[in-house]
Amino acid sequence: MDIVLEIDRLRMRRITSADLDLIYALDSDPEVMRYILPPRTREQIATYISEIVRDYEAFPGLGRWLALEKGTDAIVGIFMLKPLQTTPYVEVGYRMFPSFWGRGLATEGAQTLVRYGFEQMKLPQIVGITYSENTASQHVLEKCGLRFLRMQHFDFVARELRFYAIDNSDHPALSAQ
């Protein structure tokens with residue numbers, strides 16, 4: 001198993017083509033995808049996984065990772081620190097199976113990725129986007145230090161989303177140094 005990050009309750013590993021059934025289960029769940037994209041077909045997931053694997057090479061150190069619960073190795077979901085579509089931004093994000101919601105895992109994983117992005121990858125800024133209705137994810141972003149900046153239109157969802165950001169110099173672990 002290619003573990004990329006290990007934190008208190010989660011391990012994150014690279015996604016491979018062998019994960020098709022797991023990603024399909026996650027991305028075909030309407031509850032999971034409610035604020036992301038419409039549920040995807042198996043064929044769309046296969047293409048998506050190919051893009052993920054290509055991105056590991058194109059953007060070293062960044063990507064989307066499968067999160068596993070420590071102790072059980074149960075698949076929690078996907079966490080990401082990756083380029084945001086065709087924008088100049090790097091986005092932190094996640095999606096998890098509903099059975100893992102409400103346990104603080106989204107915050108734990110996202111905070112770790114923000115810290116990793118600034119401390120290891122030396123990123124100047126990290127952003128997050130959410131639908132206006134997705135208050136749970138807005139709270140996660142805020143707990144990671146990201147602040148709401150504006151509503152912004154994104155063509156890939158054909159609507160305005162809430163746009164959050166944190167600069168490297170505003171990250172508490174770094175500004176204390």
Side-chain angles (χ1 to χ4, degrees), residues 3-15 19 22-23 26-27 29 31-37 48 52 55-56 59 61-85 87-150 152 154 156-157 161-176:
I3 300 298
V4 175
L5 289 169
E6 191 161 336
I7 53 181
D8 289 345
R9 297 181 290 162
L10 298 173
R11 292 185 302 164
M12 295 184 202
R13 70 164 174 82
R14 285 184 169 206
I15 294 170
D19 296 318
L22 295 170
I23 306 296
L26 183 68
D27 284 9
D29 184 324
E31 196 172 2
V32 170
M33 301 303 281
R34 179 177 177 195
Y35 298 119
I36 302 173
L37 296 168
Y48 173 65
I52 289 171
D55 284 351
Y56 292 138
F59 308 103
L62 299 178
R64 299 169 188 95
W65 302 286
L66 207 57
L68 298 88
E69 182 180 44
K70 275 187 173 177
T72 68
D73 279 342
I75 302 301
V76 172
I78 295 174
F79 282 78
M80 66 187 92
L81 186 65
K82 63 164 191 66
L84 176 58
Q85 299 289 334
T87 74
Y89 305 114
V90 173
E91 167 194 26
V92 65
Y94 62 89
R95 60 183 167 277
M96 302 183 330
F97 284 107
S99 59
F100 291 97
W101 292 0
R103 295 171 43 188
L105 294 170
T107 300
E108 182 179 325
Q111 284 175 336
T112 298
L113 289 179
V114 168
R115 194 168 42 255
Y116 165 82
F118 288 144
E119 294 173 6
Q120 303 299 313
M121 299 302 299
K122 307 298 185 206
L123 297 172
Q125 182 183 63
I126 295 173
V127 305
I129 56 174
T130 71
Y131 280 41
S132 293
E133 311 86 71
N134 191 352
T135 56
S137 282
Q138 292 162 27
H139 292 306
V140 169
L141 292 175
E142 290 166 359
K143 288 178 185 176
C144 294
L146 282 79
R147 296 291 167 243
F148 174 72
L149 297 182
R150 64 185 171 270
Q152 183 168 328
F154 289 94
F156 61 89
V157 290
L161 299 176
R162 290 179 63 90
F163 184 84
Y164 290 76
I166 183 173
D167 291 338
N168 186 307
S169 61
D170 294 331
H171 189 260
L174 297 175
S175 59

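Worth knowing before you read on, the calculation uses all heavy atoms, side chains too, and leaves out hydrogens, waters and symmetry mates.
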Side chain proximity check, Y164 to L149, heavy atoms < 4.5 angstrom | no

### Task
Would you check if the side chain of Q125 reaches a backbone N or O of V90 as a donor-acceptor pair within less than 3.5 Å?
no

Has Y94 got a side-chain atom pairing as donor or acceptor with T107's backbone, closer than 3.5 angstrom? no

Without swapping roles, check the side chain of Y56 against the backbone of R64 for a donor-acceptor pair under 3.5 Å.
yes

In terms of heavy-atom contacts, W101 and M96 come closest through NE1-O, 2.9 Å

E133 and R34 ion-paired at < 4.0 Å
no

For the side chain of Y116 and the backbone of G61, is there at least one donor-acceptor N/O pair under 3.5 Å apart?
yes

d(L26 CG, I36 CD1) to nearest 0.5 Å is 7.5 Å

Residues pairing under salt bridge (Lys or Arg N to Asp or Glu O under 4.0 Å) where one sits in residues 93-111, two or more places apart or in two chains, turn out to be R9-E108, D27-R95, E69-R103

| Backbone N/O of I7 and side chain of K70: donor-acceptor pair under 3.5 Å | yes

dist D55:CG -> Y48:OH (nearest 0.5 Å) comes out at 9.5 Å

When rounded to the nearest 0.5 Å, the distance separating CG of N168 from NZ of K122 is 8.0 Å

Value for CZ (R13) from CH2 (W65), rounded to nearest 0.5 Å, stands at 13.5 Å

Would a distance-only check, ignoring hydrogens and angles, find a side-chain to backbone donor-acceptor pair under 3.5 Å from D167 to S169? no

Check: Quick check: does any side chain N or O of Q138 sit under 3.5 Å from a backbone N or O of T130, one acting as donor and the other as acceptor?
Finding: no

Interatomic distance, CD1@I75 vs CZ@F100, rounded to 0.5 Å, equals 8.5 Å

Output for pair (L81 CG, L5 CG), nearest 0.5 Å, gives 9.0 Å

G145 and I166 have their tightest heavy-atom pair at O-CD1, 3.5 Å

